[in-house]
Amino acid sequence: ADEFLQRVSGVEMKTYTMEMEMSTAVEGAPMEMTMTGSFDGSDAATPRSHLKMNVSGMEIEMIMVEGDAFMKMALLGEDWIKMDPEDAAEMTGGSSPDIGQWTEDYAKNLEKVELIGEEDLNGLAVRHYRLTLKPEALKGLGVEDVGFETTDVAFDVWIDGDGFTRKFAMDMAGDVPVSMTATLDDINEPVTIEAPKDWVEMPS
């Protein structure tokens, strides 16, 4: 655990792109979600993000910038809709998931770290770790009320030579199984995220 924490501590991931796949089941019915996103946390007070999601065939696009949130959903037509940022964050699981700081924030909840080995991730040399988390760490994953033991959750991370998280994967068993994999790229590269020029207010 100490070697892992030394490797990831002090890392600043200000901008990045992410691709994520998630599968779960809602009341026994399978649900698949894919997401691509760009994130800019250069200004911690006003993080920016641009997400494109497909939730079981439903297309959703979300932009969060300067504290404002805009959504476009195929079911609602072609207009961008300005909405409450808190509602948008709830829909997307967070306004700007800062994976670099996630590892640091949750360091105190690590029970065990296992080094799986050195691997190649799309031509990048990474170290693959398996983390065992204390139950309180699961609160940030949105499963605090489900009552899973830590043995029900497998959490793997792939860390590059600079200490950046390049991939993470979670498998959670139980009444609501969840499988999620995400890869991160373009770390600290320039990114442009702007509010849409034309939009309408969210209907009351």
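For reference, positions follow the sequence shown, starting with 1.
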Keeping [X] on the side-chain end and [Y] on the backbone end, is there a donor-acceptor pair under 3.5 Å?
X: D40; Y: T15; value: no
X: D79; Y: I81; value: no
X: D160; Y: D162; value: yes

About how many Å separate [atom2] of [Y] and [atom1] of [X], when rounded to the nearest 0.5 Å?
X: M180; Y: M172; atom1: CE; atom2: CE; answer: 9.0 Å
X: M83; Y: M71; atom1: CE; atom2: CE; answer: 5.0 Å
X: M64; Y: M62; atom1: CE; atom2: CE; answer: 7.5 Å
X: T24; Y: E32; atom1: OG1; atom2: CD; answer: 9.0 Å
X: I187; Y: E189; atom1: CD1; atom2: CD; answer: 9.5 Å
X: M73; Y: E59; atom1: CE; atom2: CD; answer: 11.0 Å

Under 6.0 Å from the [atom1] atom of [X], do we count more than 12 heavy atoms belonging to anything else shown?
X: E21; atom1: CD; value: no
X: E78; atom1: CD; value: no
X: K72; atom1: NZ; value: yes
X: K82; atom1: NZ; value: yes

Intermediate values then yes/no, side chain to side chain contact (heavy atoms under 4.5 Å, CB included), M35 and M18 | CA-CA 8 Å; M35 185 193 81; M18 181 168 68; 3.4 Å; yes
Salt bridge R127-E3, side-chain N to carboxylate O under 4.0 Å =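 Yes.
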May I ask you to test the [X]-[Y] pair for a side-chain heavy-atom distance under 4.5 Å?
X: K167; Y: V126; answer: no
X: L5; Y: L110; answer: yes
X: E61; Y: W80; answer: yes
X: I60; Y: M58; answer: yes
X: L184; Y: F168; answer: yes
X: I116; Y: E114; answer: yes

What are the two closest heavy atoms between [X] and [Y], and how far apart are they?
X: A69; Y: P85; value: CB-CA, 3.9 Å
X: M31; Y: V55; value: SD-CG1, 4.1 Å
X: F70; Y: V65; value: CE1-CG1, 4.1 Å
X: T181; Y: A169; value: OG1-CB, 4.0 Å
X: R7; Y: V11; value: O-CG2, 4.3 Å
X: S179; Y: D171; value: OG-OD1, 2.9 Å

Please report the C-alpha distance between R48 and E66 in whole Å, then the side-chain angles of each, then the deciding distance to 0.1 Å, and finally whether the salt bridge (charged side-chain N to carboxylate O under 4.0 Å, His left out) criterion is met.
-> CA-CA 7 Å; R48 297 169 174 242; E66 303 295 343; 2.6 Å; yes
Verdict with supporting geometry, V191 and D186, side chain to side chain contact (heavy atoms under 4.5 Å, CB included) | CA-CA 9 Å; V191 61; D186 304 318; over 6 Å; no
Aromatic plane relationship, Y129 with F4 - under 30° parallel, 30 to 60° tilted, over 60° perpendicular |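 Correct class here is perpendicular.
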Are M33 and L75 co-members of a hydrophobic cluster defined by side-chain heavy atoms under 4.5 Å apart?
->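 Same hydrophobic cluster.
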Same apolar cluster (I L V M F W Y, side chains within < 4.5 Å links), L124/L115 =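 No, L124 and L115 fall in different hydrophobic clusters.
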Intermediate values then yes/no, side chain to side chain contact (heavy atoms under 4.5 Å, CB included), T36 and T17 = CA-CA 7 Å; T36 60; T17 59; over 6 Å; no
Could you check E19 against D185 for side chain to side chain contact (heavy atoms under 4.5 Å, CB included), going step by step and ending with a plain yes or no?
-> CA-CA 9 Å; E19 294 186 8; D185 205 353; over 6 Å; no
